Peer 1: 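Got a structure for you, questions after.
Just so you know, these numbers come straight off a predicted model, no measurement behind them.
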Amino acid sequence: FPSHDTSREINEMGDYSLDSGNIDRFIKESDKEIRDVIRKIIDNTKYVDFMEFMRNFFKSVKDLNEELVRRDITRFYLYECKCKCNRWIFKYFLRMIKFLNSNVKIKIIDDSFVNFKEDNFIILPFDCLHTGFQITKNTKILCQNNKKRKRMDIYVLSPYMSSYGIFNMRNREMEREYHYKLHIGTHIKIDEYLMSEILSLDEMNRLERYYPVGDNGKLSVNYDNIYLFYFNHKLGDYNSTLTILYMGVVANRDNSNKLQEMIRRRLNDKEGYKCRVS
């Protein structure tokens, strides 16, 4: 669907916006009953190119650095999760923060980190937070590893976030129990790209006949927290955006049947879906 070959390594400076020629073919090959919905989705999709992302990412890092300077923090921990969804931005973050603050000391940690000290400042970097569930999972791991309940600050750094994601990240009860404070960095809200705010109930009902997802051992569709939003460096996972559509799977009955069969096989094999970087 995007105008690049997803089988090859991405060119970060390339143009991976929706291709008008491919769009026309895509709609023409879709079933008639769904074409108006596909067009509406395409017209309301937000594509973030590399330079736009980097401008907003740099602003988030700059605001973080101002917070570090204000609080006289010269050492912090940078959290790298096993999901690999945040590793792409590591090299850019490290360059930016060192450019802004050459004196800062950084230690990269992962899920195995247990050597907590009082007033640890831990940064969780991501390119975008749709649901906030990954941050919640990371925070719980940190808290469970913090056996001695040392006080810590957890700073979520992401240039793009949703209100729903921020709501899910905040857990006042857990903050009190584990003596940590959650800080949400400056960001751009992606709320206006929430699919349920763009499509009517009838349109989503028609769409789900073509793009089902597997969940909890059964075929289902949950479009409540799907955002019509993607970057040039990555498509979000199946719980965040219409990944299958943006990958170019045409909305017709033949493909729908194949998708459902594929999902059944994966559910039976207990594989599920994995995060896909395009």
Side-chain angles (χ1 to χ4, degrees), residues 56-98 100-191 225 237 239-240 275:
N56 291 319
F57 185 37
F58 183 76
K59 184 180 186 307
S60 296
V61 177
K62 184 173 179 290
D63 291 343
L64 163 65
N65 183 60
E66 290 177 359
E67 176 77 1
L68 295 174
V69 172
R70 184 182 67 82
R71 297 177 55 179
D72 195 27
I73 295 174
T74 58
R75 177 184 178 85
F76 65 80
Y77 295 92
L78 185 62
Y79 184 93
E80 185 174 25
C81 69
K82 290 182 178 179
C83 69
K84 300 182 181 180
C85 292
N86 67 340
R87 292 184 182 179
W88 182 84
I89 67 172
F90 260 55
K91 60 180 179 179
Y92 296 109
F93 172 78
L94 291 172
R95 292 174 189 171
M96 289 176 182
I97 197 67
K98 285 292 186 180
L100 294 168
N101 190 341
S102 60
N103 296 321
V104 71
K105 300 292 190 296
I106 305 169
K107 179 177 177 60
I108 297 176
I109 62 174
D110 57 23
D111 292 346
S112 64
F113 181 72
V114 294
N115 189 28
F116 290 88
K117 299 178 182 179
E118 199 69 19
D119 293 327
N120 285 151
F121 195 88
I122 303 172
I123 297 174
L124 276 62
F126 285 84
D127 50 11
C128 185
L129 296 177
H130 297 87
T131 64
F133 293 146
Q134 185 62 53
I135 292 292
T136 301
K137 179 181 178 181
N138 299 149
T139 302
K140 286 181 178 178
I141 292 172
L142 287 169
C143 290
Q144 290 166 359
N145 290 350
N146 186 11
K147 304 296 185 183
K148 296 182 180 181
R149 300 292 197 272
K150 297 293 186 180
R151 189 173 62 186
M152 59 181 170
D153 288 294
I154 298 177
Y155 189 102
V156 180
L157 175 74
S158 177
Y160 299 90
M161 301 186 194
S162 72
S163 295
Y164 179 73
I166 294 173
F167 174 81
N168 288 329
M169 283 187 283
R170 294 195 179 279
N171 188 326
R172 299 301 186 189
E173 183 176 341
M174 194 164 72
E175 285 188 50
R176 288 193 295 269
E177 180 181 356
Y178 287 95
H179 306 290
Y180 77 89
K181 182 173 179 58
L182 186 70
H183 304 268
I184 307 296
T186 57
H187 57 274
I188 294 174
K189 286 281 181 65
I190 62 172
D191 295 6
N225 303 300
D237 63 24
N239 297 312
S240 303
C275 180

Peer 1: Report yes if the side chains of Phe126 and Gln134 come closer than 4.5 Å at any heavy-atom pair, otherwise no.
Peer 2: yes
Peer 1: Is any side-chain heavy atom of Ile154 closer than 4.5 Å to one of Ile123?
Peer 2: no
Peer 1: If you compare all heavy atoms of Pro159 against all heavy atoms of Ser60, which two are closest, and at what distance to 0.1 Å?
Peer 2: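 Between these two residues, the closest heavy atoms are CA-OG, 3.4 Å.
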Peer 1: Is the shortest heavy-atom distance from the side chain of Glu175 to the side chain of Leu182 under 4.5 Å?
Peer 2: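 They are in contact (side-chain heavy atoms under 4.5 Å apart), so the answer is yes.
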Peer 1: Between Ile122 and Ile109, is any pair of side-chain heavy atoms under 4.5 Å apart?
Peer 2: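 The answer is yes, as the side chains (C-beta and beyond) meet within the 4.5 Å cut-off.
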Peer 1: Check for a donor-acceptor pair, side chain of Ser162 on one end and backbone N or O of Gly165 on the other, with a separation under 3.5 Å.
Peer 2: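 Side chain of Ser162 to backbone of Gly165, a donor-acceptor pair under 3.5 Å: yes, one is there.
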Peer 1: Restricting to pairs with a member in residues 138-148, which pass salt bridge (charged side-chain N to carboxylate O under 4.0 Å, His left out), not counting sequence neighbours?
Peer 2: none
Peer 1: Specify the closest pair of heavy atoms between Met174 and Asn171, including all atoms of both residues, with the distance to one decimal.
Peer 2: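 It is N-OD1, 2.9 Å.
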Peer 1: Using modelled atom types and a 3.5 Å cut-off, is there a donor and acceptor pairing between side-chain atoms of Asn120 and backbone atoms of Lys117?
Peer 2: yes
Peer 1: Considering all heavy atoms of both residues, which atom of Leu94 and which atom of Ile97 are nearest to each other, and what is their separation?
Peer 2: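 Looking at all heavy atoms of both residues, the closest pair is O-CG2, 3.5 Å.
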Peer 1: So do the side chains of Met161 and Ile190 get within less than 4.5 Å of each other, counting heavy atoms only?
Peer 2: no
Peer 1: According to side chain to side chain contact (heavy atoms under 4.5 Å, CB included), who are the partners of Asn146, at least two apart in sequence or on a separate chain?
Peer 2: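 If we apply the side chain to side chain contact (heavy atoms under 4.5 Å, CB included) test to Asn146, skipping adjacent residues, the hits are Phe116, Lys150, Met152.
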Peer 1: Angle between ring planes, Tyr155 versus Phe121, binned at 30° and 60°: parallel, tilted or perpendicular?
Peer 2: tilted
Peer 1: Side-chain contact test, heavy atoms from C-beta onward, threshold under 4.5 Å: evaluate it for Thr131 versus Thr136 and give yes or no.
Peer 2: no
Peer 1: Give the intermediate values and the outcome of side chain to side chain donor-acceptor pair (under 3.5 Å) for residues Asn56 and Tyr160.
Peer 2: CA-CA 8 Å; Asn56 291 319; Tyr160 299 90; 2.7 Å; yes
Peer 1: Determine the minimum heavy-atom distance between His187 and Ser158, stating which atoms define it.
Peer 2: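 Shortest heavy-atom contact: CB-O, 3.2 Å.
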Peer 1: If you draw a 6.0 Å radius around CD in Glu173, do more than 12 non-hydrogen atoms from other residues or ligands fall strictly inside?
Peer 2: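 Open: at most 12 neighbouring heavy atoms sit under 6.0 Å from CD of Glu173.
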Peer 1: Can you list everything that forms a side chain to side chain contact (heavy atoms under 4.5 Å, CB included) with Arg149? Sequence neighbours excluded, please.
Peer 2: Glu177, Tyr178, His179
Peer 1: Looking at residues at least two apart in the chain, or sitting in another chain, which of them share a side chain to side chain contact (heavy atoms under 4.5 Å, CB included) with Asn168?
Peer 2: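 With neighbours one apart ignored, the set is Phe133, Tyr164.
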Peer 1: Using the test ring pair (Phe, Tyr, Trp, His ring centres under 6.0 Å), find all partners of Tyr77 that sit at least two apart in sequence or belong to another chain.
Peer 2: Phe113
Peer 1: Under a plain distance cut-off of 3.5 Å, with no hydrogens placed, do His183 and Asp153 share a side-chain donor-acceptor pair?
Peer 2: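 Note: Asp153 and His183 side chains meet the donor-acceptor criterion.
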Peer 1: Any side-chain heavy atom of Leu64 sitting closer than 4.5 Å to one from Thr186?
Peer 2: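 Side-chain contact under 4.5 Å: no.
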Peer 1: If you take all heavy atoms of Ser163 and Lys189, which pair is closest and at what distance?
Peer 2: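 Taking every non-hydrogen atom into account, OG-NZ, 3.4 Å.
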Peer 1: Could you tell me whether Glu66 and Arg70 make a salt bridge, using a distance below 4.0 angstrom between a side-chain N and a carboxylate O?
Peer 2: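 No.
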Peer 1: Considering residues at least two apart in sequence or located in another chain, which fulfil the side chain to side chain contact (heavy atoms under 4.5 Å, CB included) criterion with Val69?
Peer 2: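 Side chain to side chain contact (heavy atoms under 4.5 Å, CB included) check on Val69 returns Asn65, Asn101.
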Peer 1: What heavy-atom pair brings Met169 and Ile184 nearest, and what distance separates the two atoms?
Peer 2: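 Shortest heavy-atom contact: CE-CD1, 3.9 Å.
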Peer 1: Are there more than 12 heavy atoms of other residues, nucleotides or ligands under 6.0 Å from atom NZ of Lys107?
Peer 2: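 No, not enclosed.
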Peer 1: If you define the side chain from C-beta out and look only at heavy atoms, does anything of Pro125 sit under 4.5 Å from Leu78?
Peer 2: yes
